*Asks:* 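Sharing a structure below in structure tokens format, with a few things to ask.
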Amino acid sequence: MKITTWNVNGFRAVLRKNAFEWIPDVDPDVLCFQEIKATLDQISAEEAIIEPYEGIWNPAERKGYSGTATYYKNKPLSHEKGFGIEHFDIEGRVIRLKYPDFYLYNIYFPNGGEGNKRVPYKLEFYEAFLEICDDLHAQGENIIITGDFNTAHQEIDLANPKQNEKNTGFLPEERVWIDRYLEHGFKDAYRELYPEEEKYTWWTYRFNSRERDIGWRLDYYLVSDALMDRVEDVVIHSDIMGSDHCPVSLILKE
DNA sequence: CGTAATACG
């Protein structure tokens, strides 16, 4: 089974750029998109279709902002949008699919904002979601979390760690939440397999950053400890264009 | 700089 995550930074922008063309080549079983920045009524029915997938959209209430969509080949046992907490759910950040062996969460974690204004909301979101994961783990369930975490975990996860210690995305109080997830029964699948690799998944559109590879690793797969032996590979598709993020795939053994 | 609506990342 192959799962691919991609922060599209505007579903309509990706359509305009014809930038979904890589999908048949990568051929994921599930596609997790973040920052769709659209509702279904802003595009045609045809534009929402990605063959041969079926899609679930969870847009934010606010126009042109945030939002997630998950496309799958094989129908999950069930699916839910949000986590039942109003002030988080209105931003369309969460879609959960239930498969026989695990829950798959597609999540667009909050950005800390200009002047770190939204860091408190972001930290609350990490906290609330970890509690949900704790409950599921306590029930013996396995979980795969993927999406844009909006935080680089360690110095190895961004090109310029020193100069970003006071910027959202690399604040100590944000990074410690990734530590907490790992302490609560998750593995960072990419880092487990590639402890020394310096590869990024996001580059600002400014300053020619992508060409110069001045980036951050913000898009992760956190998998329950018990699932780690089923992880065959994690692939960062650095060459796939169309957004300021690149797609990342998780390949699971059956 | 880019996406999208006048803010946000």
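Treat the numbers as computed from the prediction; the structure is a model and nothing was measured. Computed over heavy atoms, backbone and side chain alike; hydrogens, waters and symmetry mates excluded.
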*Asks:* Counting only heavy atoms and a strict 4.0 angstrom limit, can you tell me which residues of residues 163-181 of chain A come near DNA chain B?
*Replies:*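 Listed by number, there are none.
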*Asks:* Looking at B/dA5, I'd like to know if its phosphate oxygens (OP1 or OP2) sit under 4.0 Å from a side-chain N or O belonging to A/Arg12.
*Replies:*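 Looking at the OP1 and OP2 atoms of B/dA5, one of them is under 4.0 Å from a side-chain N or O of A/Arg12.
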*Asks:* When the distance from CZ of A/Phe109 to C1' of B/dG9 is rounded to whole Å, what number comes out?
*Replies:*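 Nearest whole value for this atom pair: 17 Å.
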*Asks:* Of the options B/dT3, B/dA5, B/dG9, whose atoms approach the side-chain atoms of A/Arg16 most closely?
*Replies:*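 The closest nucleotide is B/dT3.
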*Asks:* Checking contacts here: which listed nucleotide (B/dG9, B/dC8, B/dT3) is nearest the side-chain heavy atoms of A/Arg206?
*Replies:*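 Among the listed nucleotides, the one closest to the side chain of A/Arg206 is B/dG9.
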*Asks:* Nearest-nucleotide wise, let me know which of A/Asp244 and A/Ile36 is further upstream toward the 5' end of DNA chain B.
*Replies:*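 Counting from the 5' end, the first nearest nucleotide belongs to A/Ile36.
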*Asks:* Could you tell me whether A/Lys117 contacts a base, only the sugar-phosphate backbone, or nothing, with contacts defined as non-hydrogen atoms closer than 4.0 Å?
*Replies:*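 Nothing: the residue A/Lys117, judged by heavy atoms under 4.0 Å, touches no strand.
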*Asks:* Is any side-chain N or O of A/Lys17 closer than 4.0 Å to OP1 or OP2 of B/dG2?
*Replies:*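 Looking at the OP1 and OP2 atoms of B/dG2, neither is under 4.0 Å from any side-chain N or O of A/Lys17.
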*Asks:* Using a 4.0 Å heavy-atom cut-off, does A/Gln42 contact any base of the nucleic acid, only the sugar-phosphate backbone, or nothing at all?
*Replies:*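 Answer is sugar-phosphate: A/Gln42 comes under 4.0 Å of backbone atoms only.
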*Asks:* Among B/dG9, B/dA4, B/dA7, which nucleotide sits nearest the side chain of A/Arg62?
*Replies:*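 Selected nucleotide (nearest to the side chain): B/dA7.
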*Asks:* Do the side chain of A/Arg118 and the base of B/dG9 come within less than 3.5 angstrom through a donor-acceptor pair of N or O atoms?
*Replies:*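 Answer no: no donor N or O sits under 3.5 Å from an acceptor.
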*Asks:* Can you list the other members of the hydrophobic cluster that holds A/Ile236, where links are side-chain heavy atoms under 4.5 angstrom apart?
*Replies:*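 A/Met1, A/Ile3, A/Val30, A/Ile56, A/Tyr72, A/Ile95, A/Leu97, A/Tyr99, A/Phe102, A/Leu104, A/Ile144, A/Tyr190, A/Leu193, A/Tyr194, A/Tyr221, A/Val223, A/Leu227, A/Met228, A/Val231, A/Val234, A/Val248, A/Leu250, A/Leu252, which link up through side-chain heavy atoms under 4.5 Å apart, make up the rest of the cluster.
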*Asks:* OP1 or OP2 of B/dT3 sitting under 4.0 Å from any side-chain N/O of A/Tyr65?
*Replies:*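 Looking at the OP1 and OP2 atoms of B/dT3, neither is under 4.0 Å from any side-chain N or O of A/Tyr65.
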*Asks:* In this structure, how many angstroms lie between the P atom of B/dA5 and the CD atom of A/Glu61, rounded?
*Replies:*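 In whole Å, B/dA5 P lies 15 Å from A/Glu61 CD.
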*Asks:* Quick one: label A/Lys37 by what it contacts on the DNA or RNA (base, sugar-phosphate, nothing), any heavy atom closer than 4.0 Å.
*Replies:*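 Base contact.
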*Asks:* What nucleic acid atoms does A/Arg210 come within less than 4.0 Å of, heavy atoms only: base, sugar-phosphate, or nothing?
*Replies:*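 Here A/Arg210 touches no strand at all.
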*Asks:* So, A/Asp188 and A/Arg217, do they make that salt bridge, N to O below 4.0 Å?
*Replies:*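 Salt bridge between A/Asp188 and A/Arg217, a charged N being under 4.0 Å from a carboxylate O: yes.
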*Asks:* Decide if the gap between the ring center of A/Phe20 and the ring center of A/Phe33 is smaller than 6.0 angstrom.
*Replies:*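 Close enough - the centres of the two rings lie under 6.0 Å apart.
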*Asks:* Rounded to the Å, how far apart are A/His245 NE2 and B/dG2 P?
*Replies:*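 Whole-Å distance recorded here is 15 Å.
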*Asks:* Which whole-number value in Å describes the distance from A/Asn150 CG to B/dC8 C1'?
*Replies:*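 In whole Å, B/dC8 C1' lies 11 Å from A/Asn150 CG.
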*Asks:* Salt bridge check: are A/Asp134 and A/Arg180 linked by an N-O gap of less than 4.0 Å?
*Replies:*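 Judged by the 4.0 Å cut-off on N to carboxylate O distance, A/Asp134 and A/Arg180 do not form a salt bridge.
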*Asks:* Examine A/Arg93 relative to A/Phe109 and say whether NZ or CZ is less than 6.0 Å from the centre of the six-membered ring and inside a 45° cone about the ring axis.
*Replies:*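 Not satisfied by the 6.0 Å and 45° rule.
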*Asks:* What interatomic distance, in whole Å, is found between P of B/dT6 and the corresponding atom of B/dC1?
*Replies:*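 One P to the other, the span is 22 Å.
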*Asks:* Quick check on the 6.0 Å ring-centre criterion: do A/Phe129 and A/Phe88 meet it?
*Replies:*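 No, the ring centres sit 6.0 Å or more apart.
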*Asks:* Could you say whether A/Asn208 or A/Gly64 is positioned toward the 5' end of DNA chain B, judged by the nucleotide with the nearest heavy atom to each?
*Replies:*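 The residue whose closest nucleotide sits nearer the 5' end is A/Asn208.
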*Asks:* Test ring pair (Phe, Tyr, Trp, His ring centres under 6.0 Å) on A/Phe125 and A/Tyr108 and set out the steps.
*Replies:* CA-CA 10 Å; A/Phe125 189 101; A/Tyr108 175 45; 9.0 Å; no
